[in-house]
Number of protein chains: 2
Amino acid sequence: MASIKDVAKRANVSTATVSRVLRNAGNVTEETRQRVLEAIEALNYQPNVLGRYLRRMETETVLVVVPDITNPFFSKVLRGIEAVALEHGYQVLLGDTQNDARLEEQYLNLLPQRQVDGMIFLTARIRKELVEEMARQFPIVLACEYLEGTDIPTVSIDNISSARKATEHLIRLGHRRIAHLSGPMNIILSRDRLRGYYQALAQHEIEVDAALVQEGDFTYESGYNLALKLLALENPPTAIFAANDEMAIGAVKAIRHRGGRVPDDIAVVGFDDIQMASIFEPSITTIAQPMFEIGQKAMELLLELIEGTGVERRQLVLPDRLVIRDSCGGERPE
Amino acid sequence: MASIKDVAKRANVSTATVSRVLRNAGNVTEETRQRVLEAIEALNYQPNVLGRYLRRMETETVLVVVPDITNPFFSKVLRGIEAVALEHGYQVLLGDTQNDARLEEQYLNLLPQRQVDGMIFLTARIRKELVEEMARQFPIVLACEYLEGTDIPTVSIDNISSARKATEHLIRLGHRRIAHLSGPMNIILSRDRLRGYYQALAQHEIEVDAALVQEGDFTYESGYNLALKLLALENPPTAIFAANDEMAIGAVKAIRHRGGRVPDDIAVVGFDDIQMASIFEPSITTIAQPMFEIGQKAMELLLELIEGTGVERRQLVLPDRLVIRDSCGGERPE
DNA sequence: GATGGTTGTGTAATCGATTACATAATCGAG
DNA sequence: CTCGATTATGTAATCGATTACACAACCATC
């Protein structure tokens, strides 16, 4: 493999000059520039980036830590990140934690090792202090999930208010026995969505029935199984608000398998607005998050941190939207 | 940030000794080892991997090039790759081409730049010569998609035979007017699946009707739109074989929107067996690929190439399976 | 034609770890 | 007790690019 020295020798210049040509840093005569370019061409030279990285101590690479790469929600956020990264010449590395907090911690270590210039976490399940300490020294942005009471830059929606909105919609349609399929309680998003659900019930003076709140793990299967549990209750719910679309679809399937109809017998509302929510029949009423935009904004914040512009650490809350489709039905008759 | 020199100074040893402790290379007294470890601890030292990379000229990182990260099929293959990579201490970097061949070409360049030790392509749409030349010098493995007439190591299923199997199933059920929604014709997988479809028709002496073959692009939307076109034919098909599940689901939706029933009026078969194929109603009859295993095998082949073991270049063909569900219906009456 | 500024190029240090080679210390066998 | 082998450690070169600094050549100005 040809190195910069070989190019320099062939073009009869110093390595410094070759480097200047490569980086388009000025002060090179057109004539020598041509000579160098010819040599590069002739040797089929490709700069070894490791040398550059070491010298400049930056890799122009960022890592995105995702709890579950198979979840289409995150793919969309990722697209937003990629778009901005590409535009600024950054590469995006992907870290899949498969919902394992220990892996999350391991990825964190790539920062002091200088493997990446910055990191975006789409999951935040490790000890707050750990992340905070790292964030003091290195560029870190949180998106979607967040940590309470930190000033780490964060991009998300207001999960409490959107969960309240979703629940209120069901109440408005005349439902009183509304169940909630939550996400895992160790995740703040799950707690927020649960809180929004409670707030809506309280505002309309509907008593909480603990049996109607079931903790899932955001998978289709958990939605299916928990819905079966709800259906087996003495006094089953007339509506289910699930903390994400996959669980909502699981719930619909469970209801059907028990001979029920959605929305006629039981109304269902989801969260996230993944593509399948609009394709599935009945189409799923849900909360739409601006996935692509969350990714974009997160990457923009990260770039500010890396490049040291924009001093203040910011926490962005993006608008969400209740998308009313078929699965929640219309106003209840009686 | 502390460097190896700082550690050496504090522990009163040379950098060589520190390095030996770090890499667990023998020949260090337990006593000095302890002293070094204490110094590392005290300084909160993390080795800067860029130095190591440059010196050793390897990054223990592989890149996986994916045509579309939002496609759940690839996420599963990726999981298989990750599993094997992790086990062998390799990191996995992800490159999303968004179906753009130019991006694919750009990623290829990371190899001579020494950014990664090897690459797995889940897409192969650039000029064959380009890939072949690179594959002669660097570790490259193809998976899912492949290139005709090369000896680059490849992992895939036999797309021709599986497409034939799917089509034959429809014929066996009594269908004669069978349409095919293909993928883009510049992709070999699409051509293979189309060929399998033709083979099945030929074997049963069914005449090909060009109007029944429509070229899509693997998206839900294209499946939907092309199915509408098929339905508008004077003599519409009684069955549709789609080259992937997302198009199959799109076709089902289109049929329904036109008032038709699946499978009663029109039978539908997909390809890939993504999760939604079993969840969607009607559940989709499809070809199941061993996605996780494809990933595993591809990464294993890549490791062999990187580590120079296993000289012969191998092309693996993994078994697939026809999964019969509801969307194809039973035997036709008349 | 001396002076100062600009421009183009080269020399060599540098980034941080690894490692070939040298050397010192220790041990065991005879 | 000596010699050779083994073990522990240090010295310094090395990976490939970038860049601070030096310097030469050239130009414009008065």
Side-chain angles (χ1 to χ4, degrees), chain A residues 1-40 43-61 89 109-117 138, chain B residues 1-40 43-61 89 109-117 138:
Chain A
M1 285 263 54
S3 83
I4 198 169
K5 275 191 196 166
D6 304 313
V7 176
K9 199 169 295 172
R10 193 172 221 277
N12 243 317
V13 294
S14 72
T15 61
T17 303
V18 176
S19 177
R20 281 189 272 260
V21 171
L22 282 175
R23 325 209 60 250
N24 263 322
N27 288 359
V28 182
T29 341
E30 185 54 28
E31 194 224 312
T32 47
R33 211 178 84 86
Q34 281 309 326
R35 261 210 334 275
V36 171
L37 289 179
E38 273 164 33
I40 288 174
L43 295 171
N44 197 12
Y45 166 73
Q46 289 270 8
N48 177 326
V49 292
L50 300 180
R52 172 186 307 170
Y53 288 170
L54 177 59
R55 176 62 222 239
R56 313 193 72 191
M57 210 55 92
E58 57 185 31
T59 58
E60 262 140 25
T61 301
N109 274 328
L110 297 186
L111 281 170
Q113 291 174 1
R114 300 296 180 156
Q115 184 113 277
V116 295
D117 294 350
F138 302 100
Chain B
M1 287 261 53
S3 84
I4 199 170
K5 276 192 195 165
D6 304 315
V7 176
K9 200 169 294 171
R10 192 172 220 275
N12 244 317
V13 295
S14 73
T15 62
T17 303
V18 176
S19 176
R20 281 189 271 258
V21 172
L22 281 175
R23 324 208 59 249
N24 263 323
N27 288 0
V28 181
T29 340
E30 183 54 29
E31 194 223 313
T32 48
R33 213 178 82 85
Q34 281 309 324
R35 260 207 339 271
V36 171
L37 288 179
E38 272 165 34
I40 287 175
L43 295 171
N44 196 12
Y45 168 73
Q46 291 269 7
N48 177 326
V49 292
L50 299 180
R52 171 185 311 169
Y53 288 170
L54 177 58
R55 175 62 221 237
R56 311 195 72 193
M57 211 53 92
E58 57 186 31
T59 58
E60 262 140 23
T61 301
N109 274 326
L110 297 186
L111 281 170
Q113 292 174 359
R114 300 297 180 156
Q115 184 111 276
V116 296
D117 294 350
F138 302 100

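In what follows, every heavy atom counts, from backbone to side chain, and hydrogens, waters and symmetry copies are set aside.
- For B:V28, counting side-chain heavy atoms from C-beta on, the closest listed nucleotide (D:dT9, C:dC15, C:dT18) is D:dT9.
- Atom CZ in A:R35 sits roughly 11 Å away from atom C1' in C:dT9 (whole-Å rounding).
- Judged by atom type and distance alone, A:R55 reaches the base of C:dT14 through a side-chain donor-acceptor pair under 3.5 Å.
- Nearest to the side-chain atoms of A:Y45 among the listed nucleotides D:dA17, C:dA17, D:dT18 stands D:dA17.
- A:V13 comes within contact range of the sugar-phosphate backbone alone, with a heavy-atom separation under 4.0 Å but no base atom that close.
- The listed nucleotides are D:dG10, C:dT9, D:dT18; the one nearest the side chain of A:R56 is D:dT18.
- As judged by a 4.0 angstrom heavy-atom cut-off over every strand, A:N12 is placed among residues touching the sugar-phosphate backbone only.
- Nucleic acid contact class of A:S19 (heavy atoms, under 4.0 Å, all strands): base.
- Residue A:T29 is in sugar-phosphate contact alone, with no base atom involved, counting any heavy-atom pair closer than 4.0 Å across all strands shown.
- Nucleic acid contact class of B:N48 (heavy atoms, under 4.0 Å, all strands): sugar-phosphate only.
- Side chains of A:Q34 and A:E38: a donor-acceptor N/O pair is absent below 3.5 angstrom, by distance only.
- Side-chain proximity of A:N27 to the nucleotides D:dG16, C:dT9, C:dT18 is greatest for C:dT9.
- When each of C:dT18, C:dT9, D:dG10 is scored by its nearest atom to the side-chain atoms of B:R20, the top-ranked nucleotide is D:dG10.
- As judged by a 4.0 angstrom heavy-atom cut-off over every strand, A:L50 is placed among residues making no nucleic acid contact.
- Closest to the side chain of A:A16, out of D:dA17, C:dG16, C:dT11, is C:dT11.
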